[in-house]
Amino acid sequence: MPKGHPMQRHLITSAIPYINGIKHLGNLVGSQLPADLYARYLRARGHEVLFLCATDEHGTPAELAAAKAGKPVAEYCAEMHAVQADIAKGFGLSFDHFGRSSSPQNHTLTQHFAGRLADAGLIREVSEQQVYSNADGRYLPDRYIEGTCPNCAYDKARGDQCENCTKQLDPTDLINPRSAISGSTDLEVRETKHLYLRQSALKDDLDAWIDSKTDWPILTTSIAKKWLHDGDGLQDRGITRDLDWGIPVRRGNEDWPGMEGKVFYVWFDAPIEYIACAGEWADANGDADWERWWRTDKGADDVRYTQFMGKDNVPFHTLSFPATILGSGEPWKMVDHLKSFNYLTYDGGQFSTSQGRGVFMDQALEILPADYWRWWLLSNCPETSDSEFTWELFQQGVNKDLADVLGNFVSRVTKFCRSKFGETVPSGGTYGDRETALIEELQARVTRYGALMEAMEVRKSAQELRAIWVAGNEYLQAAAPWATIKVDEAQAAMQIRMAFNLIRLYATISSPFIPTASDRMQSSLGMESADWPEDVASALSSVQAGQTFAVPENLFAKISDDDRADWQSRFAGTRG
RNA sequence: GGCGCGGUAGCUCAGUUGGUUAGAGCGAUCGACUCAUAAUCGAUAGGUCGGGAGUUCAAGUCUCCCCCACGCCA
């Protein structure tokens, strides 16, 4: 462990993606990818990291997707979890565990929390009217009821709101209501009982807690504050549903009289999976101790917990989930920093899962390696405002940064050396003024890069990293070993040795962004991965004369205009 | 409709608590170099900081009004 950087413990979670289908690039860049960047960086600095993610599996959309696929919902979810896990792996997402909100661990924990909340008087029972569809054999959530809007006569208004005139509706307002699932009009209103979490009773606690988070992004606190203070303030929320697929409502280990056949609502059990996932991780790894990550009375008081999510998820993470934890009265670790992202747009519009618009994760990996996507998405991530994906911007960014600046640097250095000195780093010469100046510049830049990564300034980190790559080309251009070698072979050998050291430095510090290419750079030198270059001067003398190397062919191939045009038209339509 | 985030060079974006001639990358133009993935390096051009009013010795940066885009509304 380098001096001045005592080891820290970091718990990192990414918003958990919903199970029904493959996520698009907007989902990826909004939480999983930046979370992975941060996790990889902290590990590279020698910190202890537990990085968790999972699939969010409960709720009506999962049931419907399973029905559409003609499979039992449990089987469907198991399959889709495997698919998502595989794709996550393809993108190099370095989760310590990729869990499932349907896990036994989450069942137990969710029921436990509900019991604690009930004991604390924070759960109340509410009787309400719900629409039941006889044809579908199930209760219908408001948005799954369609009918004619009483306000504007639009005939596809949903039970919660009319998309045409935006009027908020109650399902019973609709004229000629029908099931959006089957189209059946055989509907009836039934009386059903549900549990509500009394978030309103926790409003002041939540308010004080949010106020204590002075270093959170404005986007985050403003959303939380709005929900806390808007109108009548924070509203109680139903935490149960009349569904089959979900976590059965139980009060801890005991039955909950009157709640038979009901399950917890997905928004209640999904965030609890963050905790349960640590339990899954522990069980999958020979009973590792997971409570030291989550219980402040069992060692988690020195853990720094960071959550990553898209802005649409902020209310759940700043209010609902904290309400669950605070209300339990137990010493669970609460989030320290919450990093939220805006949306990535696709060619001027929205990425859309339901409409199949944009590029989906599996398709992205079919056409290009993960590093291309990782680099472009992260260096252009929607950090302070929405940002746009277009094929032209993507092609431009990838070709320039990865192929021309970095890839070509590696190429020119290794090929020059091979032709003049052979496939061994040459000896001779010693670093002079130009090298000292370069080391000084890079020391400053690498330090700044580290500080930006630490602060999760994603775009700025990428900018600084790029500037570090550029510095290598600047050096080479100024030193001009191809000219030096004609007059002073030892001097040229020294210059090219410096260049090899730069390659190794780049491999190390670039790995959070482009892990695969970093590995290739590292292994082309036949050396083990280096420690973080705390001291750039020593890092830049770690590759020594006599070290053999191999020329890595085309670290990054360029995206041609034909490719771009091809993909542009291929992804313009909707996904089949 | 309410609320939220934005509107800075052709494009994508930086601009800390208001303070000297408003910055970067890409693109464009010119030049250098020739080791390299027709790559690289340097230089130049380009903006009345959405519009208007106000506070101030001083405003892209604060206040008010307006316009535009996007998003959210359990």
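This structure is a prediction, so every number in the text was calculated from the model and none was measured. Basis for what follows: all heavy atoms, side chains included, without hydrogens, waters or symmetry-related copies.
- Distance from the side chain of A/Ala403 is smallest to B/U37 among B/U37, B/G42, B/C35.
- Among the atoms of the strands shown, none is found under 4.0 Å from any heavy atom of A/Val413.
- Nearest nucleotide to the A/Tyr343 side chain, out of B/G71, B/A39, B/A74: B/G71.
- Summarising the geometry, the separation between CG on A/Asn554 and P on B/A39 is reported as 13 Å, rounded to the nearest angstrom.
- For B/A39, neither phosphate oxygen OP1 nor OP2 lies less than 4.0 angstrom from any side-chain nitrogen or oxygen of A/Lys400.
- Note on A/Phe409: nothing from the nucleic acid sits closer than 4.0 angstrom, heavy atoms only.
- By the rule that a glycosidic angle within 90° of 0 means syn, B/G46 counts as syn.
- Defined by atom type and a distance below 3.5 Å, a donor-acceptor pair is present between the side-chain atoms of A/Glu435 and A/Tyr475.
- Remark: A/Thr192 OG1 to A/Gln130 CD distance equals 6.5 Å, nearest 0.5 Å.
- Nucleotides B/G51 and B/A9 have their P atoms positioned 10 Å apart, rounded to a whole Å.
- Legend: side chain to side chain donor-acceptor pair (under 3.5 Å) pairs involving residues 512-525 of chain A, not counting sequence neighbours, sorted by first then second residue: A/Arg504-A/Gln522.
- For the pair A/Trp469 CH2 and B/A39 C1', the interatomic distance rounds to 16 Å; values are reported in whole Å.
- B/U40 and B/G27 have their P atoms separated by 8 Å, with the value rounded to a whole Å.
- Expressed to the nearest 0.5 Å, how far CG of A/Leu117 lies from CZ of A/Phe268 amounts to 5.5 Å.
- Residue A/Leu555 is in base contact, counting any heavy-atom pair closer than 4.0 Å across all strands shown.
- Summarising the geometry, the separation between CG on A/Asn399 and P on B/A36 is reported as 20 Å, rounded to the nearest angstrom.
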Quiz item: For every nucleotide of nucleotides 9-15 of chain B, 5' to 3': is a protein heavy atom under 4.0 Å from its base (B), only from its sugar-phosphate (S), or from neither (-)?
Solution: ---SSSS
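- Remark: the separation of the P atoms in B/G50 and B/U12 is 15 Å, to the nearest Å.
- Distance noted for atom P between B/U8 and B/G15: 14 Å (whole Å).
- Residue A/Gln129 qualifies as enclosed at atom CD: its count of foreign heavy atoms under 6.0 Å is above 12.
- Across the protein-nucleic acid pair, A/Leu452 atom CG and B/A24 atom P stand 18 Å apart, rounded to whole Å.
- For A/Arg466, no side-chain nitrogen or oxygen approaches OP1 or OP2 of B/A24 to under 4.0 Å.
- The CD1-P distance, from A/Ile485 to B/U34, rounds to 14 Å in whole Å.
- When every heavy atom of A/Cys381 is checked against every heavy atom of A/Phe341, the shortest pair comes out as SG-CE2, 3.8 Å.
- Atom CE of A/Met498 sits about 6.0 Å away from atom CG of A/Leu502, to the nearest 0.5 Å.
- Between A/Asp404 and A/Arg412, the residue anchored closer to the 5' end of RNA chain B is A/Arg412, taking for each the nucleotide with the nearest heavy atom.
- Spacing between B/C62 and B/G18 at atom P, rounded to whole Å, works out to 9 Å.
- Residue A/Leu206 holds its CG atom at 7.5 Å from CD of A/Gln199, rounded to the nearest 0.5 Å.
- Nucleotides B/G19 and B/G60, compared at atom P, are 10 Å apart to the nearest Å.
- Nearer the 5' end of RNA chain B, as judged by each residue's closest nucleotide, is the contact made by A/Cys417, out of A/Cys417 and A/Val470.
- With a cut-off of 3.5 Å on both pairing distances, the Watson-Crick and G-U wobble pairs of RNA chain B assemble into stems of 3 or more at B:1-4 with B:70-73, B:10-13 with B:23-26, B:28-32 with B:40-44, B:50-54 with B:62-66.
- Salt bridge absent: A/Arg418 and A/Glu423 never bring a charged side-chain N and a carboxylate O closer than 4.0 Å.
- Separation of the P atoms belonging to B/C49 and B/G31 is 34 Å when rounded to the nearest angstrom.
- For the C1' atoms, the distance from B/A74 to B/G10 is 43 Å, rounded to whole Å.
- With rounding to whole Å, A/Leu476 atom CG is found 17 Å from B/A39 atom P.
- Atom P of nucleotide B/C26 and atom CZ of A/Phe394 are separated by 18 Å, given to the nearest angstrom.
- Among the atoms of the strands shown, base atoms are found under 4.0 Å from some heavy atom of A/Asn408.
- For the atom pair A/Lys23 NZ and A/Tyr18 OH, the distance stands at 9.0 Å (nearest 0.5 Å).
- Both thresholds, 5.5 Å between centres and 30° between ring planes, are met by A/Trp482 relative to the base of B/C35, so the two rings are stacked.
- Considering CD1 of A/Ile503 and OG1 of A/Thr414, their distance stands at 6.0 Å, rounded to 0.5 Å.
- The shortest heavy-atom contact between A/Ser200 and A/Asp236 is OG-OD1, 2.7 Å.
- Across B/A36, B/A39, B/U40, the shortest atom-to-atom separation from the side chain of A/Ser411 is found for B/A36.
- Rounding to whole angstrom units, CZ of residue A/Arg497 and P of B/C35 are separated by 21 Å.
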